[in-house]
Protein chains: 2
Amino acid sequence: MQLSNTSKYTIRILAYMVNHKDKPLISAKELSENLNIPYKFLTKIMTELVSVGFIESIRGREGGYKFLKKASEITVSDILTLFNDSIKDEACILGIDFCDAKHKCALHDKWIKSKVQLQKMFRESTIESIAGEGSKI
Amino acid sequence: MQLSNTSKYTIRILAYMVNHKDKPLISAKELSENLNIPYKFLTKIMTELVSVGFIESIRGREGGYKFLKKASEITVSDILTLFNDSIKDEACILGIDFCDAKHKCALHDKWIKSKVQLQKMFRESTIESIAGEGSKI
DNA sequence: TTTAATTACTACTCTAAGGTAGAATTAACT
DNA sequence: AGTTAATTCTACCTTAGAGTAGTAATTAAA
Ligand code: SF4
Ligand code: SF4
């Protein structure tokens, strides 16, 4: 009942990048050290983020990563979708999903409420909004 | 972002047993066939449920399982705890958990709200309440 | 007393996520 | 031109959850 490590890492990585957008480029080394994410695993994630166009990479010495898409236009929901980690609309808390309005278990309505609330939260939370002052990302 | 198969199976198994409490004993075979849960995997779960005292088993021919603890006293939360699948109080949506009231990300308050709501739902949902008429468990 | 039906036990296999290793590629700096 | 610091590629290892296989133990029915 939680997000995958990959998703959580990604959110923290992108939030960190927002918080350091004064720098033109941020290296994998810096991200790995400051966010305490295994270097090799982080670079694997970064390559994926580049390939889907969230960020851009500059190779070679003095290289690094920077946003390609605006942080205000990348939502947590986008990230969860990317790593197949989002709460699907048809997701049933019990994994049955052949119930209908007339035949539903006692968990159904409460679950739907929580589900909708979480989905809304993920959709409305941009990386830009997660980062910022108080945040201890 | 969902429950483990083991937890989901268990909820359905116990709900089925409530819905068939007219029978003195219910066999693994019946459960497996009616709930579409792999037989061998189901018996593994059953043994665990017996060992923690939720149900009782009668071995040998004509044997099977029956409740030891009352279904109205077994909550979904108990099941999630058993399979280490519950939402821990300290669980942070981003897996950081060194944030405090003054340093929190934009997801924090919304996440806490959903978390509390889910935890409450799990605690207040007994197997007895999940099963029953309309239910398509 | 044998047989059939049942749970329990032990020990595997399979899969996907998470993580690691090493070498290839790129490009700025000296 | 050579060195160095960076990303990228390919391939592997590890772990936990899910699921399977075979057999032993138990007990009622035949
Ligand atoms: S009624 Fe219960 S089992 Fe059916 S879809 Fe809703 S939550 Fe799932
Ligand atoms: S502030 Fe954000 S990152 Fe920190 S504990 Fe709360 S949800 Fe997690």
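Numbers restart at 1 for each chain; the letters A, B, ... are given by sequence-line order, proteins then strands. The basis for the numbers below is simple: all heavy atoms, side chains too, and nothing from hydrogens, waters or symmetry mates.
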Trainee: How many Å lie between CD1 on B/I45 and C1' on C/dA8, as a whole number?
Mentor: 15 Å
Trainee: Identify the two heavy atoms, one from A/A15 and one from A/I127, that lie closest to each other, and give their separation to 0.1 Å.
Mentor: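 Minimum heavy-atom contact is N-CG2, 3.9 Å.
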Trainee: Would you mind telling me which residue lines up with the more 5' stretch of DNA chain C, B/M46 or A/E62, judged by nearest nucleotide?
Mentor: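 Result: B/M46.
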Trainee: In whole angstrom, what separates B/L31's CG from C/dT7's C1'?
Mentor: 12 Å
Trainee: Do A/E90 and A/C92 have side-chain heavy atoms sitting under 4.5 Å apart?
Mentor: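 Result no, sub-4.5 Å side-chain heavy-atom pair not found.
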Trainee: Using every non-hydrogen atom in the two residues, find where B/I79 and B/S7 come nearest and quote the distance to one decimal.
Mentor: CG2-O, 4.2 Å
Trainee: Is there a side-chain contact between B/M121 and A/K113 (heavy atoms, below 4.5 Å)?
Mentor: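 They are not in side-chain contact.
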Trainee: Rounding to a whole Å, what distance do you find between A/R59:CZ and C/dT26:C1'?
Mentor: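 After rounding, the gap between these two atoms is 5 Å.
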Trainee: Can you see whether B/Q2 engages B/K8 through a side-chain donor-acceptor pair at a distance of less than 3.5 angstrom?
Mentor: yes
Trainee: How close do B/R123 and B/T75 get, heavy atom to heavy atom, and via which atoms?
Mentor: O-CG2, 3.3 Å
Trainee: Can you confirm whether A/R12 sits close enough to A/L31 that some side-chain heavy atom of one is under 4.5 Å from a side-chain heavy atom of the other?
Mentor: no
Trainee: In B/S/- notation, 5' to 3', how is nucleotides 12-22 of chain C contacted by protein heavy atoms closer than 4.0 Å?
Mentor: ------SBBBB
Trainee: Shoot me the first and last contacting nucleotide of DNA chain D against chain A, ordered 5' to 3', at under 4.0 angstrom to non-hydrogen atoms.
Mentor: D/dT4 to D/dC9
Trainee: Mind checking if A/S27 touches a base, just sugar-phosphate, or nothing, with heavy atoms under 4.0 Å?
Mentor: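 A/S27: backbone/sugar contact only, no base atoms under 4.0 Å.
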Trainee: Do A/E62 and A/L25 have side-chain heavy atoms sitting under 4.5 Å apart?
Mentor: no
